[in-house]
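Written below as structure tokens is the structure these notes are about.
Atoms within each ligand, like the ligands themselves, are counted from 1 in listed order.
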Amino acid sequence: MGFFSKIKKLWQKESSPPETAPRTARDEPASVAAAHPDDQQWKIRLRKSLALAEPRLSVWLEHLLQGIDKKGEPLWERLSFLLEALEVPDSEARKFVSSFSAWLDDMGYVHLEEFRSELQYRMALALDLEDEEDERDRLFLKLSQGLSKTKDQLSRRIDQLLSTSSKYDDAFWEELEEILIMADVGYQTTSELLARLRPSVANLEQGDPQKFKELLMQEMAAVFPTPPKKISPPPPEVLLIIGVNGVGKTTTIAKLAYRYRMKGKKVLVVAGDTFRAAAIEQLGIWSRRTGSGFFARDRGADPASVAYEALDRAAAENYETVLVDTAGRLHTKVDLMQELKKIKSVMAKKMPGAPHKTILVLDATTGQNALSQTELFGKEINIDEIIMTKLDGTAKGGVIASIALQYKIPITFIGLGEKMEDLRPFDGQSFAKALLG
Ligand SMILES: Nc1nc2c(ncn2[C@@H]2O[C@H](COP(=O)(O)OP(=O)(O)OP(=O)(O)O)[C@@H](O)[C@H]2O)c(=O)[nH]1
Ligand SMILES: [Mg+2]
């Protein structure tokens, strides 16, 4: 039985007294009920509506947020009530509410529409519900919306082509090739993809657009390698984030820190980009917003020494996850690759195995340029994973297939916006479906 169904059963049992039953001390704390008898009506109503509602986080939140349009005491009360019902320990529930409230203050968010989706994301992570169908649906919707520009370029044109083609002849394949290339899938990747597709399509009845799209989707999904399940090293796990300037490294670190924090990890972010004072400051702000520890030295400090000292701090203070930011460019005299290699070797000396993952951040809006960046970094540094940012707002999302097919490096997350919740786990199946489905 799923998490929600269990809780729901519990709830239905608890909420069995009829509406008219006198309130007992067990139902509501006497002091509160006596002081604000009318205020407590919401609890009865809410409990009833939750017991009747579909057991899904989004649906429960919908009931919970009825009549709430901004942050404040009524919202905190209801959230605490829901968390309590979901059997979250009291201290953790309090921590959840207070950290969320502090975060809203920090971000300057007041109205529900500004933070509703962030709230759901936090709850899904905190309650470990990210794999529930509801969250998967939400992610899929977000992915489809985020990819709308690429989708427009790709799916609409493929549909058009399919509707006007009665057979899959050379002219058809040529046109399909052009469509894929236009969506930045890249020449080589397109050729490979089509070469795989042709034999499966050969057996197909002439002009079966639906089946054709399914096969294309399957081939597209097959392009993405599933990352091997790795056993996490004993803490701290150290992640080094690299990439050229402006791709979204610092923002991605903030988003990752947020994810780990919401999963209850103790996170340290390290300002390894000492090139600009503003970069250090930017990361400092994110660390506060995500409730992470922050390690920095002055502008101009040696990034390798910063990383080295940060590992001392991480070990001394029992951090579980360490995220190291790096510069995307350096003073012209210093070579970026040499600097990154130095950071890596210094870290490995300090802590065997560190950095446990080197993650290359790529910006999808740069299209095929992302390939040359992978080439450039990959030649010098072993890249374990790729995170692709800014897939929202670009028609060049096809580049992600190019990267996957040519470099066989797992793409683990994608950035679908500037907010902290806009970093989502990547999987090829959903991507292909969102793009072509
Ligand atoms: N729309 C969108 N914008 C993003 C995404 N990720 C990052 N950005 C924006 O991209 C810009 C650059 O992000 P940074 O995180 O500062 O990039 P960086 O790689 O750290 O840049 P340098 O420190 O200069 O090397 C910022 O305005 C971010 O808000 C994303 O997934 N979607
Ligand atoms: Mg940066």
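Judged as a side-chain hydrogen bond (donor to acceptor under 3.5 Å, both in side chains), and not counting sequence neighbours, the contacts of K350 are D312. E192 is linked by a side chain to side chain contact (heavy atoms under 4.5 Å, CB included) to Q188, L405, counting only residues two or more places apart in sequence or in another chain. Partners of T358 by side-chain hydrogen bond (donor to acceptor under 3.5 Å, both in side chains), not counting sequence neighbours, listed by chain and number: K344.
Under 4.0 angstrom from ligand 1, there are no non-hydrogen atoms of R329.
Residue G246 holds the heavy atom nearest to atom 22 (P) of ligand 1 of all those in G415, G393, G246, G243. Which of D273, I414, T250 comes nearest to atom 20 (O) of ligand 1 through a heavy atom is settled by distance: it is T250. With distances taken over non-hydrogen atoms, the option nearest atom 9 (C) of ligand 1 out of K390, R424, M388 is K390.
The only option from F100, F413, Y121 that meets the ring-ring contact (aromatic ring centres under 6.0 Å, His included) definition with Y258 turns out to be Y121.
The N/O atoms of T389, backbone and side chain alike, include none that comes under 3.5 Å of an N/O atom in ligand 1.
Under 4.0 Å is where a charged nitrogen must lie from a carboxylate oxygen, and between R259 and E130 at least one such pair does.
For the atom pair CG of L362 and CG of N369, the computed distance is 10.0 Å after rounding to the nearest 0.5 Å.
Sorted by chain and number, the protein atoms of type N, O or S within less than 2.8 Å of the Mg ion (ligand 2) are T250 OG1.
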